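Down below is the structure, laid out as structure tokens.
The model shown is predicted, which means the values in this text are computed figures rather than measured ones. In what follows, chains carry the letters A, B, and so on, assigned in the order in which the sequence lines appear, proteins first and then strands, with residues in each chain numbered from 1.
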Amino acid sequence: MSAAAHPNEIRITLPDGLVRTFTRGVTGAEIAAAIGPGLAKAALAVKLDGKLVDLDLPILHDAAIAIVTRKDEADALDLIRHDTAHLLAQAVQALFPGTQVTIGPNIEDGFFYDFARNEPFTPEDLPRIEAKMKELVAADLPTRREVWDRERAIAHFKAIGEHYKAEIIADLPTTEDIKVYFHGDWHDLCRGPHLMSSGKIGTAFKLMKISGAYWRGDAKNAQLQRIYGTAWRDEKELSAYLTRLEEAEKRDHRKLGREMDLFHVQEEAVGQVFWHPKGYTLYRTLENYIRRKIADAYVEVKTPMLLDRTLWERSGHWAKYRENMFLAEVEDEKKILAVKPMNCPGHVQIFNQGLKSYRDLPIRMAEFGSCHRYEPSGALHGIMRVRGFTQDDAHIFCVPEQMTEEAIRASELIFEVYRELGFENVSVKLSTRPENRIGSDEVWDRAEADLALACDRMGVPYTLNPGEGAFYGPKLEFTLTDAIGRGWQCGTVQVDFNLPERFEAEYVAEDGSRQRPAMLHRAVLGSMERFIGVLIEHYAGKFPLWLAPVQAVVATIVSDAEDYAKDAVKALRKAGIRAEADLRNEKINYKVREHSLAKVPALLVAGKKEAAEGTISIRRLGSEKQETMPLKDAIALLAAEATPPDLRE
RNA sequence: GCCGGUUUAGCUCAGGGGUAGAGCAACCGCCUUGUAAGCGGUAGGUCGUGAGUUCAAAUCCCACAACCGGCACCA
């Protein structure tokens, strides 16, 4: 492209490819105005060579620009949310003088701002702050950007008591301009860009919650007060978001677990689950499914719950993980036992029984291992984060050359299981060496490469999670996406250099020498408890038939149909269907409502007609239609559907 | 663990120094019923736990616990 004819002119390429010439120093606002008054009015910011900048920023060089309006969803939301965060800070400082501002970034669906203030904010403060924010929007305060000298900025923010801001500036790279944005007469350090006035923000925002948050995310630092908010392009989007939150709440596994009589928790067993008959049916269905999935390639074992302290000292857990372990003392024997937080040391003990040959490898040792970890009280959450849980665990002992192949095998199992359980969308992360680790760099290089190669060979894309590996080895982490788009990290494949070494696991190699086996940890579901929680929320309690605790209810309309209904239940059960009879003296409306609320997938209604004809009237959960068919056809239909996915043709 | 909030019947929630209420569920009757609540009645609570103030505490004060929302943690 040739340079512009005149030195004071620059060439601006617009999104439609059109190139227009403007005076050097032209602003996005001016370009928008030159294109049309509508665009000028709608303009929020400029995308200058792909980077969002202020509308009033002078453009000095030839560039490709796009005027960003509310129609550009991602950019518009970014701009609006960031401005709303500033608006929040401005309102808070107006209402609560002496409050320091710190940082206020955008997050998914909104933003937050962290404040330093001795008095805590209360829930009642939120509507007040929100009202103030709307006032500031109505005032349509103009935005102004200034670039300050670093030392001046630090001195200024210190002088006005904004010590956190001063600290932020001091930590900014020296290459960075120190930009201060004014909204009316309030100002804040910010990298920008911002909308040209507060009126552009609109009023589709809402403050959501208050929480504590540590300065710079470090629990050793002071705790700040965080206010979360959400902001959208218009009221319609805001209300759609709020509706989405309500819908998510309806899926809450704690609520559904109670309503569907699946499980409960109580104070005397904090962080542990009481599985009710229906919940445990679901649990066993899932467990047996996994058991079938691994039947051909794995051996299943069961290891002790309580193991002597000396074993944990040897495994390294005593040093690294003790504060998370439950201990049991046996005074008579002066012993301290620990409740296992993991199954791996136990599995190595089994591996170590008897001499293994390279011909025996790989040994894939699985256990539905009941583990207990003393999780911080604040981390507990329903059955998703508990202190007593069961891992669908396995450890694979192999020769080092088999590592990639075994990682592939484990990963493919994970993908297959997720797909069969109704999760199509799965992402993979490769977590690499953390600062605090054991093992030489060469060993880490090799292990990370093995896992990366496994992904490549499967054709599975992965994102790198640098520094997030376990201290004993790198890992692959599998995150599935549920029905409403939330990610749940469940499966994992981890290399372990630590345990085989510490427990001196060995096998006899081809040349007769003793070698250390490589070890992989792997879990598909992760924890049974957590995964069932995910399933409940994913399906909103409406499980596919094969998982549903009660698959069919035969409900009578008149008492004359009772014997027929009982026989129908018998026949259903004989076909392997979890069926129950509802012979109560209630209207069919009442029964339909009740079993629908209980989320029974198939309601089989038997009245006088059905009893006489040997038919049944099927009503499926979620449908208002019903279909009458011969009982044996209904049984065949349901039996087919009740077949677990791995057993289908 | 930290910050804030909450805790009253099985569930959802009201009440707020004078001894506890509603709806639904449960139980008992009546109704034999045709696809999302038929009618009537009965019963049900150490008001999270402990300690205090008071003539009197579910209510006020303190401590603790559990739960909820975040933060931190998540071998």
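Checked against the 6.0 Å centroid criterion, the rings of A:F503 and A:F351 do not qualify as a close aromatic pair. Under the 6.0 Å cut-off for aromatic ring centres, A:Y113 and A:F115 qualify, their centroids lying closer than that. Aromatic ring centres of A:W444 and A:F497 lie closer together than 6.0 Å.
Contact of the A:R502 side chain with the A:V348 side chain is not registered, since no non-hydrogen atoms from C-beta on lie closer than 4.5 Å.
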- Item | Test log, rule side chain to side chain donor-acceptor pair (under 3.5 Å), inputs A:T303 and A:E367 | CA-CA 8 Å; A:T303 58; A:E367 175 173 1; 2.8 Å; yes

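Residues satisfying the salt bridge (charged side-chain N to carboxylate O under 4.0 Å, His left out) criterion with A:D171, sequence neighbours excluded, are A:R216. Considering only residues two or more places apart in sequence or on other chains, A:Y241 meets the ring pair (Phe, Tyr, Trp, His ring centres under 6.0 Å) condition with A:W232. Every side-chain hydrogen bond (donor to acceptor under 3.5 Å, both in side chains) that A:W488 has, sequence neighbours left out, goes to A:D482. Scanning for ring pair (Phe, Tyr, Trp, His ring centres under 6.0 Å) contacts around A:Y539 gives an empty result, with sequence neighbours left out.
Checking B:U35, B:G1, B:A26 against the side-chain heavy atoms of A:S617 singles out B:U35 as nearest. Among the nucleotides B:U32, B:C67, B:G34, the one closest to the side chain of A:L380 is B:C67. Checking B:G34, B:U32, B:C73 against the side-chain heavy atoms of A:A379 singles out B:C73 as nearest. Checked against B:G34, B:U32, B:C71, the side chain of A:R226 finds its nearest nucleotide in B:C71. Comparing B:G38, B:C74, B:U35 by their closest approach to the side chain of A:R385 singles out B:C74. In the set B:G34, B:G1, B:C71, the nucleotide with an atom closest to the side chain of A:I557 is B:G34. Checking B:G1, B:U35, B:G34 against every side-chain atom of A:Q626, the shortest atom distance belongs to B:U35.
Rounded to whole Å, the C1' atom of B:A20 lies 16 Å from the corresponding atom of B:A43. As rounded to the nearest Å, B:A65 and B:A25 have C1' atoms that lie 29 Å from one another. On the P atoms, B:C61 is 15 Å away from B:G18, given to the nearest whole Å. Spacing between B:U6 and B:A36 at atom P, rounded to whole Å, works out to 41 Å. Rounded to a whole angstrom, the distance from the P atom of B:U46 to that of B:U8 is 13 Å. The separation of B:G41 from B:A22, taken at their P atoms, amounts to 13 Å, rounded to a whole angstrom. B:C67 and B:C30: their C1' atoms are spaced 43 Å apart (whole Å). Between B:G50 and B:A58, the two P atoms lie 11 Å apart (nearest whole Å).
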- Message: Across nucleotides 4-15 of chain B, 5' to 3', mark each nucleotide with B, S or - according to how protein heavy atoms within less than 4.0 Å reach it.
- Response: S------SS---

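The base of B:G1 does not come close enough to the side chain of A:E375 for any donor and acceptor atom to sit less than 3.5 Å apart. One can find a donor-acceptor pair under 3.5 Å joining the base of B:G1 and the side-chain atoms of A:Y214.
Between A:H381 and B:G69 there is a side-chain polar atom (N or O) within less than 4.0 angstrom of OP1 or OP2. For A:S377 and B:G1, the shortest distance from a side-chain N or O to OP1 or OP2 is below 4.0 Å. The side chain of A:N589 places no N or O atom within less than 4.0 Å of a non-bridging phosphate oxygen (OP1 or OP2) of B:U35. Phosphate proximity of B:A36 to A:R619: present, with a side-chain N or O under 4.0 Å from OP1 or OP2.
Nucleotide B:U35 holds its P atom 17 Å from the CD1 atom of A:I618, rounded to whole Å. Atom CE in A:M384 sits roughly 11 Å away from atom P in B:G69 (whole-Å rounding). Taking atom CZ of residue A:R254 and atom C1' of nucleotide B:C68, one finds them 7 Å apart after rounding to whole Å. In this entry the distance linking CZ of A:R584 with C1' of B:A25 reads 11 Å, nearest Å.
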Sequence neighbours excluded and cut-off under 3.5 Å, please list the side-chain donor-acceptor pairs for residues 553-560 of chain A, or say none.
from	atom 1	to	atom 2	distance (Å)
A:T556	OG1	A:D582	O	3.3
A:T556	OG1	A:K591	NZ	3.1

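Salt-bridge formation is detected for the pair A:E477/A:K475: a Lys NZ or Arg NE/NH1/NH2 atom is positioned less than 4.0 Å from an Asp or Glu carboxylate oxygen. A salt bridge links A:K255 with A:E259: at least one charged nitrogen is closer than 4.0 Å to a carboxylate oxygen.
Counting only residues at least two apart or on different chains, the side chain to side chain donor-acceptor pair (under 3.5 Å) pairs with a member in residues 607-620 of chain A are A:R620-A:E641.
Residue A:E468 is classed as having no contact, given no heavy-atom separation below 4.0 Å to the nucleic acid. Here A:K587 lies in heavy-atom contact (under 4.0 Å) with a base. Contacts of A:K608 with the nucleic acid, taken as non-hydrogen atoms under 4.0 Å apart, include base atoms.
None of A:E537, A:H538, A:R530 except one satisfies the side-chain hydrogen bond (donor to acceptor under 3.5 Å, both in side chains) rule with A:H253; the exception is A:E537.
The residue among A:Q494 and A:A606 whose nearest nucleotide of RNA chain B lies closer to the 5′ end is A:A606.
A heavy atom lying under 4.0 Å from RNA chain B marks the following residues of residues 215-224 of chain A, by number: A:G217, A:A219, A:Q223. Near RNA chain B, defined here as any heavy-atom distance below 4.0 Å, the residues from residues 590-600 of chain A are A:Y590, A:V592, A:R593, A:S596, A:L597, listed numerically. Interface residues of residues 101-114 of chain A facing RNA chain B, ordered by number: none; criterion, heavy-atom separation under 4.0 Å.
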Show me the protein contacts with nucleotides 59-65 of chain B, counting only N or O atoms at under 3.5 Å.
from	atom 1	to	atom 2	distance (Å)
B:A65	O2'	A:E267	OE1	2.9

- Can you run through RNA chain B from 5' to 3' and write each base as (, ), [, ], | or . depending on how it pairs? Watson-Crick or G-U wobble, both distances under 3.5 Å. (((((((..((((....[..)))).(((((.......))))).....(((.(..]....).))))))))))....

